[in-house]
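Encoded as structure tokens, the structure appears first; notes follow it.
Residue numbers begin at 1 in each chain, while the letters A, B, ... track the order of the sequences.
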Number of protein chains: 2
Amino acid sequence: MLGTAVAPGLRPDMAADEENAPAAPVRTITDLARLAGVSAGTVSRALAGNSLVNDQTRERIQALAREHGFRLNQMASRLRRQKTGVIGVVIPLGHDRRQQISDTFFMTLLGFLADELTEKGYDLMLRRVIPDRDKDWLDRFIGSGMVDGVLVIGQSDQFERIEEAADGYLPMVVWGNHQEGQRHCVVGTDNRLGGKLAAERLIAGGARRIAFLGDTAAIEFAARHAGAAEVAARLGATVEVLPTHLAPDSSAAEVADHVAVRGQDFDAIFAASDAIAVYALRELGKRGIRVPDQVRLIGFDDLPIAAQTVPALTTIRQDILGGAKAMVDLLLRRLAGEETESLVLPPRLILRDTA
Amino acid sequence: MLGTAVAPGLRPDMAADEENAPAAPVRTITDLARLAGVSAGTVSRALAGNSLVNDQTRERIQALAREHGFRLNQMASRLRRQKTGVIGVVIPLGHDRRQQISDTFFMTLLGFLADELTEKGYDLMLRRVIPDRDKDWLDRFIGSGMVDGVLVIGQSDQFERIEEAADGYLPMVVWGNHQEGQRHCVVGTDNRLGGKLAAERLIAGGARRIAFLGDTAAIEFAARHAGAAEVAARLGATVEVLPTHLAPDSSAAEVADHVAVRGQDFDAIFAASDAIAVYALRELGKRGIRVPDQVRLIGFDDLPIAAQTVPALTTIRQDILGGAKAMVDLLLRRLAGEETESLVLPPRLILRDTA
DNA sequence: GGAGAGGTTGCAAACGATTGCAAGATTCCT
DNA sequence: AGGAATCTTGCAATCGTTTGCAACCTCTCC
């Protein structure tokens, strides 16, 4: 029952293995099957663990696998099982070609997504696309057979294309702005409300002429502006857009320009993101304009830097961690076939020293 | 030759397709072959483009593929061709479990890597691992059959394990510190030299007692400290380590503590990274300690924030973009079988206002 | 002692694309 | 016109794993 149960062919094999040190490479499940003296099917089941193989056989095979450092070929496994265990994450760089993938907000979100997906046992395939160059970016990713589902970080200016893709593809969740009646599942901050909170705070502090620093071609930013404009109109203030793009090498200069040329015309600045706000803060400081006495300033995102500037930045916080968790959760439910609703997260005004 | 050359079976198919609007799903190469009236092999060759199929056949098949939105199943293709077109990127979170994947420096590097890999036609599979929990992290990734090669971002405290893996696995390139005689291919800044540059500058400005803010358990940071210490010893100054970890939620507090408790003992601070330097700068400002008059400060990395603080941060620049390009280049050469050497990039002192 | 019930295992067909080889169709040359 | 040379194309094996089905073995119970 014990030693005698071992297949006769096994002994010589093991002897050979111990003598000829150059251990035979055990690459496939078939190699392992030969070593163990069983069939490939049994090895497969044994490695899967929860199957109907004899306990002793299973343990013997698993030990052998460990000993030889055997790993399943995931490509084959995934082909056969028709699922990949991989979630695709796309960052479309659309509305501003100069924007880099290294955008702090998106990278932070990406980090949390990586954590969450790892936690749930999925791998993450990252792709950065420039939609203008590659019209087909989303379908290509979806249809590649490489991923079970897709997370899109930022709608950029690709709202319509995402809508179209969503019509035929369930397992997709997007970070971005929610619009009435849209068809794709989105997780994101209530940007409009965020804009309102910012404007209310600025106006309550005495501001009447607000500059909005940001690029309203991006739908999220447009919503932030719209919220601020609505409040301003109601309370007798104005909001003017000074277009500012999110490119590491030019943002600072654009902001400096705005402050130089139009600085006198405003008593408050609402920056579309903390990154922009930091540039503005620095430029104001350089010119000796006191914040918040002469100009009030509010940012958006609440990135770690926001708490570290001097004076510390008042800003609108987005719940990045919560958003990442929600995206993954919704995606997994969609993978299971559920038609999930979009989720709009409330922004929060973080009071610090600039407004 | 023209219309008559078309296989007889084709017409009915197309008619059926046009009548029964619910377009037959064209998922596999075989479906497409049936539609086109050719064999699967021919379709495969036609789609690959550069093969030996008749020009007209090729174009007809490609048009059909486009029309039906056909995509190759990458899993199958890659299994057969024994290459994946995917490069794995791992971020080991070892020396400080609280460190997050969202570490700014690593994320910036990751962004550039993504750009470079995309450029070269590779996809990027991202994995975050906690080596303490998963002893096997590197072998598992390498042996998974999911990636053609691996890039490791940061050695953390896993130097030995990476060495072992490198012995049996060529296509791997690591970002990190270079040590005499090491076996794995690394790209990284000359941290020791960076430390020297920093110390030289601080001491030239009059500093004698330098505090090093960082965690010397991380090999890169240890090298930065060692460089500074060497210069200090030569020039009659001292460098003392005040352990500071890179965790978003606790770094600021640790730095504040150091400044509060030991602030009087030093006339200069060398921060192991800009992130830490920014915290230090803020804390010094809060306490009314003038920079650089009372305390000189130098950071490391030259992240975008460094130029935006007030006063702007003097720092040691790492060439992140150049490093990313080099890592990808070396990896591709290793994929081709070449045994590449490590590459050590020179750091550069960026003079701003804090030292 | 034989039938039936469980428990294990092997067999072989998938998964979808690629590719060496050989067959068929054309063209060209003598 | 016959045969070689050149193009195209189809056939079938292959990549490595999973899994339904059937075969086999061992007990148990009547």
- prompt: Hey, does the side chain of Thr42(A) come within less than 4.0 Å of dG10(C)'s phosphate (OP1/OP2), counting only N and O?
  reply: yes

- prompt: Quick one: Gln82(B) CD to dT19(C) P, roughly how many Å, whole number?
  reply: 11 Å

field: Partner residues of Arg140(A) under the salt bridge (Lys or Arg N to Asp or Glu O under 4.0 Å) criterion, sequence neighbours left out
entry: Asp134(A)

- line: So salt bridge (Lys or Arg N to Asp or Glu O under 4.0 Å) across residues 68-87 of chain A, not counting sequence neighbours, yields Arg71(A)-Asp136(B)

Residues that Asp329(B) engages under side chain to side chain donor-acceptor pair (under 3.5 Å), provided they are two or more places apart: Arg333(B)

statement: Taken in chain and number order and not counting sequence neighbours, the residues that satisfy side chain to side chain donor-acceptor pair (under 3.5 Å) with Asp148(A) are Thr84(A)

Residue whose nearest DNA chain D nucleotide is more 5′ - Asp55(B) or Leu79(A): Asp55(B)

message: Quick check on dT18(D): is either OP1 or OP2 less than 4.0 Å from any side-chain nitrogen or oxygen of Ser44(A)?
response: yes

query: Judged by modelled atom types alone, do Arg334(A) and Thr340(A) share a side-chain donor-acceptor pair under 3.5 Å?
result: yes

field: Between C1' of dC15(C) and CG of Asp31(B), the distance in whole Å
entry: 13 Å

message: Going by side chain to side chain donor-acceptor pair (under 3.5 Å), name the residues that satisfy it together with Asn54(A), two or more places apart in sequence or in a different chain.
response: none

Student check: side-chain heavy atoms of Phe70(B) and Leu47(B) closer than 4.5 Å: yes

field: Any residue meeting salt bridge (Lys or Arg N to Asp or Glu O under 4.0 Å) with Arg183(A), in chain and number order, not counting sequence neighbours
entry: Glu163(A), Asp167(A)

- request: Give the rounded distance in Å between these two atoms: CD of Gln74(B) and C1' of dC15(C).
  value: 15 Å

message: Expressed as a whole number of angstroms, how long is the span from Arg58(A):CZ to dG7(C):P?
response: 14 Å

- request: Rounding to 10 degrees, work out the angle separating the end axes of the helix from dG1(C)-dC30(D) to dT30(C)-dA1(D) (five pairs an end).
  value: 60°

- prompt: With sequence neighbours excluded, what pairs up with Thr42(A) under the side chain to side chain donor-acceptor pair (under 3.5 Å) test?
  reply: Ser39(A)

message: With a cut-off of less than 4.0 Å, is there a side-chain N or O of Ser77(A) near OP1 or OP2 of dT17(D)?
response: no

task: Answer yes or no: does a side-chain N or O of Thr57(A) lie under 4.0 Å from OP1 or OP2 of dT9(C)?
output: yes

task: Compare side-chain N and O positions of Ser39(B) against OP1 and OP2 of dG10(D) and report whether any pair is under 4.0 Å apart.
output: yes

- line: Rounded to whole Å, CG of Leu52(B) lies from P of dG20(C) at a distance of 10 Å

Give every pair of a protein N or O atom and an N or O atom of nucleotides 20-23 of chain D that lie under 3.5 Å apart, one pair per line with the distance.
{"residue": "dG20(D)", "atom": "O6", "partner": "Arg45(A)", "partner atom": "NH1", "Å": "3.3"}

- request: For Asn54(A) and dC25(D), give me the distance from atom CG to atom C1', rounded to whole Å.
  value: 12 Å

message: Between P on dT19(C) and CD1 on Ile29(B), what's the gap in Å once rounded to a whole number?
response: 11 Å

query: If you look at every strand shown and take non-hydrogen atoms under 4.0 Å, does Val43(A) touch a base, only sugar-phosphate, or nothing?
result: nothing

message: From CE of Met75(A) over to C1' of dT18(D), roughly how many Å is that when rounded to an integer?
response: 16 Å

task: Give a yes or no on whether a donor-acceptor pair under 3.5 Å exists between the nucleobase atoms of dT18(D), that is its base, and the side chain of Arg80(A).
output: yes

query: Between Thr118(B) (side chain) and Ala114(B) (backbone), is there a donor-acceptor pair under 3.5 Å?
result: yes

message: At less than 4.0 Å, is any side-chain N or O atom of Gln56(B) found next to OP1 or OP2 of dT8(D)? Yes or no.
response: no

